[in-house]
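Each remark here refers to the structure printed beneath this line.
As a basis for the values below, the full set of heavy atoms in this structure was taken, side chains included, without hydrogen atoms, waters or symmetry mates. Letters A, B, ... mirror the listed sequences (proteins, then strands); counts begin at 1.
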Amino acid sequence: MKTSTRGLLILAVVLAVLPLLLPNSYYFDVAIRIALNAVVVVGLNLLMGYTGQISLGHAGFFGLGAYASAVLTANYNWPPFAALAAGAAATGLLAFVLARPVLKLKGHTLAMATLGLGIIISIAINNEGQWTGGPDGIAVGALSAFGIEVAGEKQWYAVAAVLLLAVTWLALNLIDSPVGRALQAIHGSEVASRVAGIDTTRYKVRVFVLSAVVASIAGSISAHYVGFITPNMAGFFHSIELVTMVVVGGMASVFGSILGAALLTLLPQLLSAFEGWEVVVFGAILMATMIFLPRGLVPSVGLMFSARKRG
Amino acid sequence: MLTIQNLSKSFGGVHAVQDVSFTVKEGSIHAVIGPNGAGKTTLFNLVTGVYTPTSGQVVLRGENVAGMSPDLLARRGMSRTFQNLQVCMNMSAIENVMVGAHLRLNQNLFASMLRLPSVRKADAACRDEAARLMEFAGVGKYVDAHASQMPYGALKRLEIARALAAQPKVLLLDEPAAGLNHTETGEIEALIRKVAQSGVTVVLVEHDMKLVMNLSDHILVLDYGKKLAEGTAAEVRANPAVVAAYLGAAA
Amino acid sequence: MNNQSEPLLEIRGLTSHYGRIQALHGIDIDVRRGQLVALVGANGAGKTTLLRAISGVQPVSGGTIRLAGADITRASADQRVRAGICQVPEGRQVFGPMSIEDNLKLGAFTRPKGETAEQMERMYALFPVLKEKRLLPAGTLSGGQQQMLAMARALMGKPSVLLLDEPSMGLAPLLIAEIFRTVASLRDQGITIFLVEQNAHAALAIADVGYVIETGAITLSGPGPELLDNEQVQSAYLGM
Amino acid sequence: MFAQFLQFLFSGVTVGSAYALAALGFTIIYNTSGVINFAQGEFIMLGGMLAALMAGAGIPLPLAIIGAILITAMVGLVMEKTVIEPAQNAQVVTLIIITIGASLVVRGLVQIWLGKGTHALAPFSGDTPITLLGATLLPQSLWVLGVTLATVGALGWFFGRTLLGKAMLATSHNKLAAQLVGIPTGRILLLSFGLAALLGAVGGILVAPITYTSYDAGIMLGLKGFVAAVLGGLGGGAGAIAGGLILGVAESMTAGYISSAYKDAVPFVLILLILFFKPAGLFGKKSTERV
Amino acid sequence: QNIKIGSVLSVSGPAAFLGDPELKTLQMAVEKVNADGGVLGRKLELVHYDDGSDAGKANGFTKRLIESDKVDVLIGGTTTGATMAMAPLVDKASMPFISLAGAVVIIDPVKKWVFKTPHTDRMAAEKVFEDMKKRGITKVALLSETSGFGASGRKETQAVAAKYGITLVADETYGPKDTDVTAQLTRIKGTAGVQALFVFGLGQGPAVVTKNYGQLGMTAIPLYQSHGVASDEYIKLSGKAAEGVRLPTPALLIANVLPAGDPQKNIVTNYDKTYKDRYKVDPSTFGGYALDALNLAIDAMKRAGSTDREKVRNALEQTKGFVGTTGVFNMSAGDHMGLDLSAFRMVEVKNGDWQLLK
Ligand SMILES: Nc1ncnc2c1ncn2[C@@H]1O[C@H](COP(=O)(O)OP(=O)(O)OP(=O)(O)O)[C@@H](O)[C@H]1O
Ligand SMILES: Nc1ncnc2c1ncn2[C@@H]1O[C@H](COP(=O)(O)OP(=O)(O)OP(=O)(O)O)[C@@H](O)[C@H]1O
Ligand SMILES: [Mg+2]
Ligand SMILES: [Mg+2]
């Protein structure tokens, strides 16, 4: 069996068994947040890890999705899934329009441009209080379709788990396809990929839009789940958090992304006992992880494993 | 097949290529030689769309393609290797070769994400073919290797395999034998000949005169960005200007 | 030539790994003072790895390297340069965005400031094209020009041992002859040279001693011209 | 009308100089290692906080300043030694995440040891505003501007003229080659962190009388400094100054003429536009990679 | 078994200077109560989480407190955003919840389980406008912070201005971390007819505004601040420029100048002293909100005679004449805050200290 198929199976089993082990709905809550974060991070990794284009503004897209759902359902009474789709479409369109000029940039200028994008989005959300509720945030109704409402942590867990599984499957397929190789080739050498007939701009735009749409959808669902959103979720720090999840988990590793999201979502929960020292301990763990597993959790551990097997 | 007319390129004050014209016949092996810094690589970069010419035309099968981007040229059957290696170090060796076949595979994002059977089948076939090409280029033992683990000489051949995977009509090779010893150069020579025999037009830059003289149907000599001489191997070798500027008395 | 003098560079049982792949399997090499030693081998045999290990930029997993009797196996790369080991690396490795002049100045990083200008003039005399382009970024040079720059930069460090990793790669025939002449004359000036070359013929022809490396191990050694006549060498590396 | 414009300009230049100083720190570390040091803002914060607290504890201002600079530089050195050096051979993104971790640790420790309060540092030359053509300017602004220019001059000389400066640049362009010509790349990196921390501290101290300081003061200045540095092309002093001033003046002009609500957003729009036309930043060199 | 007090506060992040004294106060007060024998014969136990000024995290921690820690009463939500993110959960779980955030929306419309201790921003605006009216000011420039506190304050200020016959002739904003607002102030200076400047913000921003206000020589236009700057730190940071600034504040800030007969005199001097003794820094009015919240909860439990959530909630709603640091609370089914304008005192900065205005 291919490693990716095996990984997907393991993920499915873990997701299926987990509910039996979680003692109360607080633990479900953490699991749901992990799954929803992981969805965004898997999408972002396609852009960052595989295609080599950094984005420090992805929380902006996440926020756009969340606010589209919030505003359209609360103020205009749209059905949740219509709002979600509209948010995803609008985010995709915005990403599409901006991708061309933005992705012409490289390295740190690209980082800065995407950072700027994210900041502009979060400022707009912050300032347009008459729709968005401003800095204090806005309440979001339940997620429902055809009269069925997702209610309770167990149902939400099912939704998040299925979504994560689906996104993981799609991402794994993509990577191991001509399109996925084109993306990785762009990372490796842009000239070489263009000479091989790859329209690099077009592919960069596609993966940028794709990851933005994934973030938007995850944003919408998170908004419904939490029930209340603030501009923070579109802000700079959330973007950094997402990037950190990608790198800690491992660039160009889908399962790494899931683990990265899990670790960085869990840590603050585990560290809450440290009273005032949480930030320090969190920072120290972050550094230690990167020093001892420089390629991120999954790739580094993978290397160690194969080393042991052969050596 | 390929006609270059009055092609020029300057970088600021440096005239890297000046008013160069020549024609490459279909199915032939055409060599470009000249001293270091003569403009050979720049010429390749112009022809393959990596650089935009300052002036002049590149006519590929009747169509002026000057200024066209490399991916559009690839669609028209052009492929190349690089003097400064451009191997994707983030991928495995065989995936590098498969990238070369990109244009012949399904490029639909959704088909790829859904792993449609057609995509999967074509991909598997492509992988087999890539392995064959690696064998053909003499790097068969690296089929399971990651590109970053391969030595320099093997990477050069990997690039050739990648270029061949595109099934090009015109193949430009920039110093394919650099970093190879005589025996290995001999293998490369045989490989290029085989490729040309299969109907591919080959343009080649190389400093190994033995290889150039053995292979080339036609040789173009550049010096300071300008055409210095042109002709068959024998003609070029006999040209005193070429001997003085490039070959030296020994050759 | 100076076969009887003590070994300046003495390598014993050197091993090195890339992760779990072993690239060098116990290399023994002696380079005597003032000698020109050539190392030939196929792609991937481990030549570059060996040179990197000697320069201290490649981790060594076993064995020792001695320079003039002193153990430098654990010395840092810059200490080795100060001790007189300079390298012209594979793939040239010039400082792309910096001017040619700055590249040369940096080549003399470990040298007293006073001698830089003079040495630089010597390099410009050796490679006039570098003088012509001295204010341009090194990255814009053609492949061969970069190779010359890499050579000049290493010489700026006034090495007592010069490591050359395929110095003729990508050079025009005229220049190859020139490079080999330069290498030979450097040896005559008393610089000890360890030369890795694919152009085995030219290398062995001027070498005092030759070594053949195959998959990380030395399989043959002897005086340069003698190796040229070796059948095995001829078929594997000389294309005969 | 003109007085108003001038006032906006002064305000922009003051803030912009602070951004420029912050940008210089980024530039130094970027130029030796290719790493964007997300802890740069914490150096700025440390300088301001330490100086303010020491001065508040009765230590004479000049001594407090020197003390704050030295301690911050030490922090920079320790940080390099303990967390950057062990990861030296890792990819750049890994190092960037490490600097994020380091910034959290520094900020967290300061918050624990020095508290969450906001502190002020007395201006160096009083706080009587200088009036010029109807607009006013604090003397401290002149300090910021002056020291920024002097620093840029000094750095320009260091990187452009001295061999050590060039060796630092060379280390980032090609670490392998730098090692092969005998540059002690480890120590160079150490030096660059020390220097960047020192500069950050100087910036933090200079702006503290204008902006006040607290344990989280470094976040915003660090972010703006990063933007200014990239806008300037991360090349050197001139770029950092240009980047900082453009950002600062764009902000104050936006606040003055367009909308204070979008004062942080409009400059980003402007910067994006600039980057679309100059992808390497204002003073950035086009990449010279060849194939 | 202990009585569990759950709290989610913004002890780090941008709102840390609010959340930090709140947490310290809770910890101090819980210790004190336990030392004095606890409540209903049981000890109090504080279970606290820091939301890092992120409402999303506040929501998650609230779930944890309810589901996992099974607390008896919930105090927190340093910011309005956090409170609003917590509110739907306490409603579902039937958990008495006392918020420490300012905005009116928290209690208007009334939510069954949600109470709050701080004055609303609307009250602050009203108090300020009352004072302006006394001075005959009708044209006011508003400069508000883009934080939740400032944005909500701006909205309420706009809403109540007309009631006091005041027109807002300028409406500017600044960011919470801005280091210079001369551009906005210059604009205000250039607006015709401005008679006073009203700043609505928290923390260091208003100090920057005050300093720039001094730099631009705008002293002819009286400067009003909101209760968001009611701390000694404000005067320390702003220096000379703060002279003459007026603002509404809870009694705590002026504990020492409060007349002896004031009902709050006792509690505020007491809190002021114990906090200073324990933490070596001045208490802030924000800490006072937390103290009041805890005491309200304890009071309600005592009156209810149990920790039964429904009973505690009902007792909370019936709180009458409860004297806190913030004011005297009189809750009802229609008012889950229970404060009126008298809880605010108007003060002016004179010679670097607070002076109570009559
Ligand atoms: N991007 C560039 N910017 C500035 N100058 C350039 C650039 N590219 C090439 N040049 C200059 O153009 C000239 C021709 O370079 P080119 O690489 O084409 O030479 P070449 O014939 O391939 O030499 P070699 O045999 O050494 O590879 C050189 O002098 C080089 O410095
Ligand atoms: N970064 C690396 N990671 C893993 N393996 C490597 C790496 N670099 C080289 N190798 C392996 O080490 C062996 C020796 O490589 P080395 O580059 O020293 O060969 P070489 O003799 O210099 O070859 P060439 O003539 O092609 O330059 C090769 O088998 C190669 O696959
Ligand atoms: Mg070339
Ligand atoms: Mg090699």
Side-chain angles (χ1 to χ4, degrees), chain A residues 48-49 54 56 98 100-102 104-124 126-129 189 191-192 195 236-237 240-241 243-244 246-248 251 274-296, chain D residues 26 30 34 36 38-39 79 82-87 89-109 111-112 219 223 226-227 229-231 233-234 259 261-273 275-281 284 287 289 291:
Chain A
M48 274 183 60
I54 194 166
L56 290 184
L98 291 171
R100 231 159 243 278
V102 166
K104 250 198 251 162
L105 305 173
K106 297 205 162 57
H108 51 269
T109 40
L110 175 63
M112 208 221 76
T114 48
L115 174 123
L117 267 185
I119 288 185
I120 292 172
I121 293 174
S122 73
I123 289 178
N126 213 36
N127 282 339
E128 299 308 318
S189 163
V191 217
V195 165
F236 168 64
F237 292 105
I240 296 283
E241 213 176 331
V243 169
T244 309
V246 171
V247 180
V248 167
M251 297 269 273
F274 281 86
E275 273 250 4
W277 288 82
E278 299 106 314
V279 191
V280 179
V281 179
F282 183 86
I285 292 180
L286 200 59
M287 290 192 292
T289 314
M290 294 283 69
I291 290 171
F292 296 112
L293 305 171
R295 292 150 165 272
Chain D
F26 280 102
Y30 179 82
I36 298 292
F38 271 85
M79 184 176 136
T82 50
V83 297
I84 303 293
E85 199 181 289
N89 296 319
Q91 289 171 304
V92 168
V93 272
T94 303
L95 289 170
I96 289 178
I97 301 293
I98 290 179
T99 68
I100 292 180
S103 82
L104 292 177
V105 169
V106 172
R107 198 184 311 147
L109 289 177
Q111 169 194 312
I112 291 166
I219 302 176
L223 186 64
F226 166 62
V227 173
V230 175
L231 181 60
L234 274 167
S259 138
Y262 279 94
K263 127 183 133 29
D264 284 318
V266 172
F268 269 111
V269 176
L270 175 79
I271 288 166
L272 283 175
L273 287 177
L275 286 183
F276 292 163
F277 291 103
K278 290 219 64 168
S287 116
E289 286 302 306
V291 291

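No side-chain heavy atom of D:Phe276 sits under 4.5 Å from any side-chain heavy atom of A:Lys104. Side-chain contact between D:Val105 and A:Met287: present, with at least one pair of heavy atoms (C-beta onward) separated by less than 4.5 Å. Looking only at side-chain heavy atoms (C-beta outward), D:Leu223 and A:Ile119 come within less than 4.5 Å of each other. Contact check for A:Leu115 versus D:Val227: side-chain heavy atoms found under the 4.5 Å cut-off. D:Arg107 has its side chain out of reach of A:Val279: every pair of non-hydrogen atoms, C-beta onward, lies at least 4.5 Å apart.
For chain A, the nearby part of D:Ile271 is the side chain; its heavy atoms alone come within less than 4.5 Å. Both the backbone and the side chain of D:Ile98 come within less than 4.5 Å of a heavy atom in chain A. For a residue to count as touching a neighbouring chain, one of its non-hydrogen atoms must lie under 4.5 Å from one of that chain's; by this rule D:Ile112 touches chain A with the side chain only. Neither the backbone nor the side chain of A:Ile285 comes within less than 4.5 Å of any heavy atom in chain D. Residue A:Phe292 does not touch chain D at all, counting heavy-atom pairs closer than 4.5 Å. For D:Leu109, the parts sitting under 4.5 Å from any heavy atom of chain A are the backbone and the side chain alike. Residue contact with chain A, scored on non-hydrogen atoms closer than 4.5 Å, involves the backbone and the side chain of D:Val269 alike. Residue D:Ile84 does not touch chain A at all, counting heavy-atom pairs closer than 4.5 Å. For a residue to count as touching a neighbouring chain, one of its non-hydrogen atoms must lie under 4.5 Å from one of that chain's; by this rule A:Ala124 touches chain D with backbone and side chain alike. Interface residue A:Val102: backbone and side-chain heavy atoms are both found under 4.5 Å from chain D.
With respect to chain A, the highest number of heavy-atom pairs below 4.5 Å among D:Ala90, D:Pro267, D:Ala265 belongs to D:Ala265. Contact count versus chain D (heavy atoms, under 4.5 Å) is highest, among A:Val247, A:Asn126, A:Val248, for A:Val247. Among the candidates D:Ala261, D:Gly34, D:Ser259, the residue making the largest number of heavy-atom pairs closer than 4.5 Å to chain A is D:Ala261. In terms of heavy-atom pairs under 4.5 angstrom with chain A, the leader among D:Gly281, D:Ala87, D:Pro279, D:Pro86 is D:Pro279. With chain A as partner, the option from D:Ile219, D:Leu275, D:Val106 having the largest number of non-hydrogen pairs under 4.5 angstrom is D:Leu275. With respect to chain A, the highest number of heavy-atom pairs below 4.5 Å among D:Ala102, D:Ala229, D:Ser103 belongs to D:Ala102. Between chain A and the residues D:Thr99, D:Leu231, D:Val83, the largest count of heavy-atom pairs under 4.5 Å involves D:Val83.
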For the pair D:Leu104 and A:Val280, evaluate side-chain contact (heavy atoms from CB on, under 4.5 Å) and give the outcome as yes or no after the intermediate values.
CA-CA 6 Å; D:Leu104 292 177; A:Val280 179; over 6 Å; no
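Between A:Met290 and the choices D:Val93, D:Ile97, D:Leu95, the side chain to side chain contact (heavy atoms under 4.5 Å, CB included) rule is met once, by D:Ile97.
Contact between A:Ile291 and D:Thr82 at its shortest, heavy atoms only, is CD1-O, 4.2 Å. When every heavy atom of D:Phe226 is checked against every heavy atom of A:Ala111, the shortest pair comes out as CZ-CB, 4.5 Å.
Under a 3.5 Å cut-off, the side chain of A:Thr109 and the backbone N or O of D:Ala280 do not form any donor-acceptor pair.
Note on ring orientation: taking the six-membered ring where Trp is involved, the planes of D:Phe38 and A:Phe236 are parallel (angle under 30°, cut-offs 30° and 60°).
Atom CG of A:Asn127 sits about 4.5 Å away from atom OH of D:Tyr262, to the nearest 0.5 Å.
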